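I have placed the structure first, in the form of structure tokens, so that the comments after it can refer back to it.
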Number of protein chains: 2
Amino acid sequence: MVTNDLESVKENFILHWGEMGSLWGINRTMAQIHALLFISPEPLSANAIMDELKTSRGNVSMALRELIAWGIVSRVHKKGERREYYSTEKEVWVLFRMIARERKKREVDPTIEVLRHNVAKLHTLPPTEAVYEREQLENLLEFFETGSKVYEELEAQAPTSLLKLLGQMFRFRS
Amino acid sequence: MVTNDLESVKENFILHWGEMGSLWGINRTMAQIHALLFISPEPLSANAIMDELKTSRGNVSMALRELIAWGIVSRVHKKGERREYYSTEKEVWVLFRMIARERKKREVDPTIEVLRHNVAKLHTLPPTEAVYEREQLENLLEFFETGSKVYEELEAQAPTSLLKLLGQMFRFRS
DNA sequence: TAATAGTTTCAATAATTTCTGAATCTTGCT
DNA sequence: AGCAAGATTCAGAAATTATTGAAACTATTA
């Protein structure tokens, strides 16, 4: 039976994506829901998700809330239907840009703040105190600031032109 | 008292780095030890780490083992000394390259494998079956393969030339 | 080789994170 | 307003992950 193959592919992909998610501080259910929506041709209801992933209603609801907060899942109203449907960004590049933007906001920006604050604090000490520590923190800060700037520039480019750009840079095949 | 300032900076930095670590699937202790070694002018003994972080001997030992497996911490022998010292890569760019390499190996490469396998499996179905699913998985696979290639090219560049390159690309200031 | 400084291991426990499901809330239909 | 379909919330339970600490192991020195 052919659809058995499709089902096993879906399952395998969803499970793997779930594992990857947990390696990255995104919980398993969130990542699984995302995987499921990503390969679904049509938006799915919370109920359908529940059934597919064999998880509870509450869990689905919470995970969807989080995914929506990340901006990678959106609610879809079907006219004349009471129940809500959910779908995820289907363009891979757009999707990863959204994730990158969110992680930058949540992780990189606060780190830059902490580093700035601490570097400033060390600058109030006599110039021969804590020299090494100050240097190290300054290097780290510079690294994050550069990364942040590069990211902002990249984000300004359209995904396609970005690809082309990289292609030119490295002349990689295909 | 001036060193109070230094101590509070160290603590603040170590705690923040620990939090960041856990957002990324690296455990808190590992990230804290890394932070501590990163700003320490000299290699530290397991004992010193234990005292600074107020954690147990066993925990320090396990975390160090992991950090060494990641390649970002190394044992340092001091001649004529019985106890071992530990130190981390101090060059920020080198450090992040090591981390990137390891994450690629642990996360990206296996994901590519899974995607390839599943795409191949879907190709055994009649061409009109599972069209959408196949397309989506192919797009994702292409994305990861491109990323992987770009990463390999970047890794081949020396960190400095990379910076210059990016500078040219975007003409960003400083 | 025995004593000992130092390190590693791992079973038990603690802490944290995730998930469940019943109660509550919301919405829209009659 | 009353009813019912559907969604959300959240306290408690379950699962997972991190940490402790005591025992075992591994040099190194005398």
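All values derive from a computational prediction rather than experimental measurement. First the proteins, then the strands, lettered A, B, ... as listed; each starts at 1.
- Taking atom NZ of B:K78 as the reference point, atom P of D:dT28 lies 17 Å away to the nearest angstrom.
- One finds a salt bridge joining B:K104 and B:E152 here, because a Lys/Arg side-chain nitrogen approaches an Asp/Glu carboxylate oxygen to under 4.0 Å.
- Place A:E84 and B:G80 on DNA chain D by their nearest nucleotides, and A:E84 ends up nearer the 5' end.
- Summarising the geometry, the separation between OH on A:Y85 and C1' on D:dA5 is reported as 12 Å, rounded to the nearest angstrom.
- If you measure from atom CD of A:E19 to atom P of D:dA15, you get 16 Å, rounded to the nearest angstrom.
- Close to D:dT20, at under 4.0 Å from its OP1 or OP2, lies a side-chain N or O of B:T55.
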Go through the steps for B:W70 and B:R103 under the test side chain to side chain contact (heavy atoms under 4.5 Å, CB included), then give the verdict. CA-CA 9 Å; B:W70 274 76; B:R103 295 194 77 111; 3.9 Å; yes
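- C:dA5 atom P lies 14 Å from atom CD of B:E81, rounded to whole Å.
- Within 4.0 Å (heavy atoms only), A:N59 reaches at least one base atom of the nucleic acid.
- Heavy-atom distances to DNA chain D give each of A:R57 and A:R82 a nearest nucleotide, and the one nearer the 5′ end belongs to A:R82.
- A heavy atom closer than 4.0 Å to some atom of DNA chain C occurs in B:R65, B:R75, these being the qualifying members of residues 63-77 of chain B.
- In this structure, A:M62 places its CE atom 12 Å from P of C:dG21, rounding to the nearest Å.
- For D:dT19, the OP1/OP2 oxygens have a side-chain nitrogen or oxygen of B:R28 closer than 4.0 Å.
- Using a 4.0 Å cut-off between charged side-chain N and carboxylate O, A:E102 and A:R106 make a salt bridge.
- Residues A:G58 and A:G25 each lie close to DNA chain C; by heavy-atom proximity, the contact nearer the 5' end of the strand is made by A:G25.
- In this structure, the side chains of B:I49 and B:L37 come closer than 4.5 Å at one or more pairs of heavy atoms.
- Straight-line distance from the NZ atom of B:K79 to the C1' atom of D:dT29: 20 Å, rounded to whole Å.
- The side chain of A:S61 contributes no N or O atom lying less than 4.0 Å from OP1 or OP2 of D:dT9.
- Note: A:E135 CD to A:N139 CG = 7.0 Å, rounded to the nearest 0.5 Å.
- Between A:R116 and A:E138 there is no salt bridge, since no side-chain nitrogen of the basic residue lies less than 4.0 Å from a carboxylate oxygen of the acidic one.
- Ionic pairing of A:K10 and A:E52 is present here: one or more N-O contacts between side-chain nitrogen and carboxylate oxygen are shorter than 4.0 angstrom.
- Look at B:N27 and you won't find any side-chain N or O under 4.0 angstrom from OP1 or OP2 of C:dT16.
- Taking side-chain N and O atoms only, B:R83 has a distance below 4.0 Å to OP1 or OP2 of C:dG6.
- The main-chain N or O of B:W93 is never found under 3.5 Å from a side-chain atom of B:E91 such that the two would form a donor-acceptor pair.
- Between A:Y86 atom OH and D:dG6 atom P there is a gap of 12 Å when expressed in whole angstrom units.
- Remark: P of C:dT18 and NZ of A:K54 are 22 Å apart, rounded to the nearest angstrom.
- Proximity of B:T29 to the phosphate of D:dT19: a side-chain N or O atom is located under 4.0 Å from OP1 or OP2.
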